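Input: a single structure, listed below in C-alpha cells.
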Number of protein chains: 2
Amino acid sequence: MPTSLQQELKMRRPFESREQEAALNLARTNDRLQIEFTRLFRQHGITPAQFNILRILRGAGEPLPSLEVAERLVTVVPGITGLIDRLERLELVCRKRPEADRRVVLVELTRQGRAVLAALDTPVLELHRTLLGHLSQRELRQLNSLLDKARAGLET
Amino acid sequence: MPTSLQQELKMRRPFESREQEAALNLARTNDRLQIEFTRLFRQHGITPAQFNILRILRGAGEPLPSLEVAERLVTVVPGITGLIDRLERLELVCRKRPEADRRVVLVELTRQGRAVLAALDTPVLELHRTLLGHLSQRELRQLNSLLDKARAGLET
DNA sequence: TCCATTTAATTGACATATCAATTATTACTA
DNA sequence: TAGTAATAATTGATATGTCAATTAAATGGA
C-alpha cells in the first residue's frame with residue numbers, strides 16, 4: 001500500500017528505502033509547519049529568522065555576541081550580519097562594542113523587541129496546539145524521542 | 001530532566017509544550033539533514049531545489065508544466081521561474097511551448113540532466129543510510145507514521 | 001462576436017542561506 | 001617585541017523563498 005507521503009508527492013514508485021522516506025517526510029512536514037509560522041510572524045512585521053533571534057536573546061537573559069547567536073540558530077556565520085542589520089533597522093535589537101574585546105559585537109534586545117515577543121507568546125503557543133494538537137501527548141513524546149535519536153547520528 | 005534538544009539550544013527553561021518541542025525538533029533535525037545533502041549536491045554542481053526538480057521530472061516520466069513542478073515542490077509559484085531559468089542555463093532541462101495551449105511552459109529533462117541524476121542515485125541512497133541508518137526499521141516506520149499523522153492535521 | 005474572467009507564467013522587491021575572501025582586533029611565539 | 005596566527009565580524013556573489021502585481025493566452029457568457 002502506498003504511503004501517505006508517496007501519494008502526496010505523486011510518486012509512481014515506492015520509496016527506495018525507509019531512510020529516504022523519512023528524510024523527505026521530515027522536509028515536507030517541516031515546510032508545512034514553517035509556512036504557517038511565517039504567516040503569523042508576518043502579521044507582526046517580522047520573519048521566522050528574526051523571531052528566532054529575538055527568542056534566543058530573551059532566553060539568554062543577556063546580550064550575546066553575534067557568533068553565539070548564529071551558532072544557536074544553526075545559521076551560517078556570514079548570514080548573521082544581515083539578519084542583525086535588519087533587526088537593528090527595525091529597532092528590535094541594538095549592537096554594542098564591549099571595551100574588553102573590541103572584535104566582539106554584542107546584540108541586545110530593545111524594549112520594542114521585548115514587546116514584539118510578548119505580543120507573540122500566546123499566538124505562537126496557540127499555533128503550536130492548532131498544528132500539532134491532534135497528536136496525543138504520548139505520540140508527541142515518541143516523535144520527539146525519535147527526532148532526538150535521528151539527530152544523535154549527526155555528531156555535533 | 002532536560003531533553004536533548006533543550007540542551008542543544010542552551011535553553012534555560014523547559015519547553016512550554018510538547019507541541020512546541022516537536023516543532024522546534026522537526027526544524028532542527030531537518031536543518032541538519034539538509035546541510036549534508038546540500039554538500040553532496042554541490043559536489044555535482046547543483047542545489048537541493050534543483051535536484052528536487054530533476055527528480056520530479058524523472059519520476060513523472062514526461063515533461064511537466066512549470067506550475068505542476070512547483071506544486072510538487074511545495075515551492076511558491078513565482079519562485080519556479082528562476083529555478084527553471086538556472087536549470088536551463090546549466091542545460092539540465094529545456095522549456096517547450098506546446099501548440100495546443102500556448103500559456104503553458106513544459107519543462108523537460110535533458111540527457112545531461114538525466115546523467116547528473118544517475119550519478120547522484122547511489123550517493124544519495126548511501127547518504128540516507130549514513131544519516132538515518134542508525135534507526136531501526138521499526139523506528140523509521142514509527143517516525144514516518146507520526147510525521148504523516150502530523151501533516152494530516154494541516155489539510156493541504 | 002466581444003469583453004470580462006480565469007489560467008499559466010513571469011517580473012520586481014525583499015529576506016534569507018550559502019560560500020569565499022577581507023578587515024579589525026587580539027593572542028601567541030620565537 | 002616584532003610578526004604571525006587565531007578570532008569576530010563583515011562584505012560580495014549566487015540561489016532560494018516569499019509577496020504583490022503584471023503579461024499572455026484561453027474560456028465563457030451575453
Side-chain angles (χ1 to χ4, degrees), chain A residues 27-28 30-54 63-90 92-93 95-107, chain B residues 27-28 30-54 63-90 92-93 95-107:
Chain A
R28 189 85 170 179
N30 185 56
D31 271 346
R32 297 286 188 195
L33 294 177
Q34 290 315 312
I35 287 170
E36 301 300 323
F37 282 100
T38 301
R39 285 185 187 146
L40 171 58
F41 296 145
R42 195 198 327 280
Q43 293 170 10
H44 293 252
I46 64 175
T47 65
Q50 291 173 352
F51 174 76
N52 281 331
I53 292 182
L54 297 181
L64 291 179
S66 301
L67 293 194
E68 178 66 27
V69 176
E71 191 185 333
R72 299 196 195 184
L73 262 187
V74 200
T75 280
V76 160
V77 172
I80 198 63
T81 301
L83 282 170
I84 296 176
D85 282 349
R86 280 167 231 119
L87 280 173
E88 203 170 27
R89 218 177 305 137
L90 292 172
L92 303 180
V93 306
R95 282 177 161 101
K96 286 187 176 173
R97 287 262 179 193
E99 280 306 314
D101 184 344
R102 300 188 35 73
R103 290 170 303 181
V104 174
V105 168
L106 291 180
V107 187
Chain B
R28 188 83 171 183
N30 186 57
D31 271 345
R32 295 287 188 198
L33 294 177
Q34 290 315 311
I35 287 170
E36 301 301 323
F37 281 100
T38 300
R39 283 185 189 145
L40 171 59
F41 296 145
R42 194 195 334 278
Q43 293 171 10
H44 293 252
I46 63 175
T47 65
Q50 291 173 353
F51 174 77
N52 281 331
I53 292 183
L54 297 180
L64 291 180
S66 301
L67 293 195
E68 178 66 28
V69 176
E71 191 185 333
R72 299 196 194 185
L73 261 188
V74 200
T75 279
V76 160
V77 172
I80 198 64
T81 300
L83 282 170
I84 297 175
D85 283 348
R86 279 166 231 119
L87 280 173
E88 204 171 26
R89 218 178 303 137
L90 292 173
L92 303 181
V93 306
R95 281 177 161 104
K96 285 188 178 173
R97 287 264 179 189
E99 278 307 312
D101 184 343
R102 300 188 37 72
R103 290 170 305 181
V104 174
V105 169
L106 291 179
V107 187

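What you see below is based on every heavy atom in this structure, not just the backbone, and it leaves out hydrogens, waters and symmetry mates. Every chain is numbered from 1, with letters handed out A, B, ... down the list of sequences. These numbers were taken from a predicted model, which means no experiment stands behind them.
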Per the salt bridge (charged side-chain N to carboxylate O under 4.0 Å, His left out) rule, what does the pair list look like for residues 70-84 of chain A, sequence neighbours excluded? A/E68-A/R72
Strictly by salt bridge (charged side-chain N to carboxylate O under 4.0 Å, His left out), give each pair with a member in residues 40-50 of chain A just once, sequence neighbours left out. none
To the nearest Å, give me how far apart [atom1] ([X]) and [atom2] ([N]) are.
X	N	atom1	atom2	result
A/D85	D/dT10	CG	P	7 Å
A/R102	D/dT10	CZ	C1'	15 Å
B/L64	C/dA8	CG	P	14 Å
A/I84	D/dA9	CD1	C1'	9 Å
A/E88	D/dA9	CD	C1'	13 Å
B/K96	C/dA9	NZ	C1'	19 Å
A/E36	D/dT18	CD	P	11 Å
B/E99	D/dA24	CD	C1'	15 Å

Among residues at least two apart in sequence or on other chains, which ones pass side-chain contact (heavy atoms from CB on, under 4.5 Å) with [X]?
X	value
A/L67	A/V77
B/P98	B/V104, B/L106
B/A27	A/N30, A/Q34

Apply salt bridge (Lys or Arg N to Asp or Glu O under 4.0 Å) to A/R89 and list each qualifying residue two or more places apart in sequence or on a separate chain. none
Among all residues two or more places apart in sequence or in another chain, which pass the salt bridge (Lys or Arg N to Asp or Glu O under 4.0 Å) test with A/R86? none
Just how large is the angle between the end axes of the helix from C/dT1-D/dA30 to C/dA30-D/dT1, five pairs per end, to 10 degrees? 10°
Would one find a side-chain N or O of B/R95 under 4.0 angstrom from OP1 or OP2 of C/dT10? yes
Rounded distance [0.5 Å steps], CD in B/Q43 versus CZ in B/R39: 10.0 Å
Give the minimum heavy-atom separation between A/I46 and A/L92, together with the two atoms involved. CG2-CD1, 3.8 Å
So, using side-chain hydrogen bond (donor to acceptor under 3.5 Å, both in side chains) as the criterion, who are the partners of A/E36 when residues are at least two apart? none
Could you pull out the protein-nucleic contacts involving nucleotides 14-19 of chain C (nitrogen or oxygen on both sides, under 3.5 Å)?
residue	atom	partner	partner atom	Å
C/dT16	OP1	A/T47	OG1	2.0
C/dT16	OP2	A/R86	NH1	2.4
C/dC19	OP1	B/R42	NH2	3.3

So which pairs with a foot in residues 95-106 of chain B pass side chain to side chain donor-acceptor pair (under 3.5 Å), sequence neighbours left out? B/D85-B/R95, B/E88-B/R95, B/K96-B/E108, B/D101-B/R103
Polar pairs (N or O, both sides) under 3.5 Å between protein and nucleotides 6-8 of chain D?
residue	atom	partner	partner atom	Å
D/dT7	O2	A/R103	NH1	3.3

